[in-house]
Amino acid sequence: MGIFPGNKLSKLDKHFEQYSDMEIIGKVVDGEIALYEILIRRYNSFLFKIGRSYGFNHQDTEDLMQDTYVSAYCSLRKFENRSSFKTWFTRIMLNHCYQRKHKLSFKNEIADDLQTEKSKIMFHNSSNDEEITVNKELGRVIENAIQSIPEDYKIVFTLRELNGLSVAETAEAMDISESNVKVRLNRAKTMLRSQIEKMYSPEEI
């Protein structure tokens with residue numbers, strides 16, 4: 001992401017990619033700053049989906065990710081492993097998104113050519129051009145549907161369904177109860193299906 005210019009990992013450092021988050025954090029704190037790039041790559045798409053779920057456009061989302069990486073790096077020594085690094089990282093990103101959303105006058109945009117990571121997982125690459133076109137179209141419908149539901153619900157949906165956080169991790173990241181997470185997720189799915197069915201029949205879905 002360009003936070004630490006010139007600190008590119010060498011081929012010799014590639015084996016560090018197999019290390020756990022805590023092992024990488026320990027080495028970064030001890031002075032091996034270049035290894036922070038591993039954590040950036042590891043959570044790049046993860047944070048991107050969070051920013052997009054708030055309705056920020058591509059550029060604004062990347063700016064928020066930069067802010068999150070810098071904030072996390074500056075506070076790395078304070079990370080006490082009471083929760084997973086992923087959850088801690090998520091909370092920092094959510095805080096930056098919240099502050100940007102409520103303190104600045106941003107125009108929410110949805111890039112026409114964006115296909116969510118979830119749709120990429122749902123619809124694998126195909127050699128059939130027609131099928132690829134349909135998959136891309138449905139991917140846009142899914143993202144538009146996500147953007148149409150209330151913020152509290154789409155954040156829970158993004159964390160649980162797109163980023164794969166557990167109920168407990170989502171509850172901790174959002175500072176709400178686990179039962180609340182389950183309720184919001186069910187409501188989100190209901191609202192999303194309602195939105196998608198306005199454009200596709202159940203059979204087509």
Handout entry: side-chain contact (heavy atoms from CB on, under 4.5 Å) assessment of Leu185 paired with Glu161
Key = CA-CA 9 Å; Leu185 181 60; Glu161 298 298 319; 3.7 Å; yes
Determine, using the 4.5 Å side-chain heavy-atom cutoff (strictly less than), whether [X] and [Y] are members of one ILVMFWY cluster.
X	Y	result
Tyr19	Val28	yes
Ile33	Tyr69	yes
Tyr36	Met22	yes

Between [atom1] on residue [X] and [atom2] on residue [Y], distance to nearest 0.5 Å:
X	Y	atom1	atom2	value
Asp63	Asn57	CG	CG	8.5 Å
Leu159	Lys154	CG	NZ	12.5 Å
Tyr153	Thr190	OH	OG1	10.5 Å
Arg187	Leu192	CZ	CG	12.0 Å
Glu62	Asn44	CD	CG	8.0 Å
Ile155	Ile50	CD1	CD1	7.5 Å

side-chain contact (heavy atoms from CB on, under 4.5 Å) partners for [X], two or more places apart:
X	value
Asn186	none
Ser166	Ala168, Glu169
Glu80	Arg82

Handout entry: Side chain Lys101, main chain Tyr54, donor-acceptor under 3.5 Å
Key = yes
Problem - Donor-acceptor pair, side chain of Arg52 and main chain of Phe56, under 3.5 angstrom - result: yes
Exercise for the section: Mind checking side chain to side chain donor-acceptor pair (under 3.5 Å) for Ser177 and listing every partner two or more places apart, or none if nothing turns up? Expected result: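 Only Ser179 meet the side chain to side chain donor-acceptor pair (under 3.5 Å) criterion with Ser177.
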Exercise for the section: List in chain and number order the residues that pass side chain to side chain donor-acceptor pair (under 3.5 Å) with Asp152, two or more places apart in sequence or in another chain; answer none if no residue qualifies. Expected result: none
Handout entry: By salt bridge (Lys or Arg N to Asp or Glu O under 4.0 Å) - contacts of Lys182 (at least two apart)
Key =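 Testing Lys182 for salt bridge (Lys or Arg N to Asp or Glu O under 4.0 Å), a comparison that skips the adjacent residues, returns none.
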If I compare all heavy atoms of [X] with all of [Y], which pair ends up nearest, and what's the gap?
X	Y	value
Thr87	Ser84	OG1-OG, 2.8 Å
Met65	Phe48	SD-CA, 3.7 Å
Gln147	Gly55	OE1-CA, 3.2 Å
Ile196	Ala145	CG1-CB, 3.9 Å
Asp60	Arg100	O-NH1, 4.4 Å

Would you list the atom pairs, donor with acceptor, under 3.5 Å between side chains in residues 89-97 and any protein atom, with sequence neighbours excluded?
from	atom 1	to	atom 2	distance (Å)
Thr90	OG1	Lys86	O	2.7
Arg91	NH1	Glu172	O	3.3
Asn95	ND2	Arg91	O	3.2
His96	NE2	Ser71	OG	2.9

Does [X] reach the side chain of [Y], with side-chain heavy atoms less than 4.5 Å apart?
X	Y	result
Ile176	Arg184	yes
Met174	Val181	no
Leu162	Ile146	yes
Ile25	Leu39	yes
Pro150	Met191	yes

Problem - Verdict with reasoning, Leu165 to Phe46, per side-chain contact (heavy atoms from CB on, under 4.5 Å) - result: CA-CA 10 Å; Leu165 263 64; Phe46 182 87; 3.2 Å; yes
Exercise for the section: Tell me, with the steps shown, if Ile38 and Leu35 meet side-chain contact (heavy atoms from CB on, under 4.5 Å). Expected result: CA-CA 6 Å; Ile38 294 176; Leu35 295 181; 4.0 Å; yes
Handout entry: salt bridge (charged side-chain N to carboxylate O under 4.0 Å, His left out) contacts in which one or both residues fall within residues 18-31, not counting sequence neighbours
Key = Asp21-Arg42
Practice task
Please identify each residue that fulfils ring-ring contact (aromatic ring centres under 6.0 Å, His included) with Phe79, with sequence neighbours left out.
Solution key: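 Scan of Phe79 (ring-ring contact (aromatic ring centres under 6.0 Å, His included), adjacent residues dropped) gives Phe85, Trp88.
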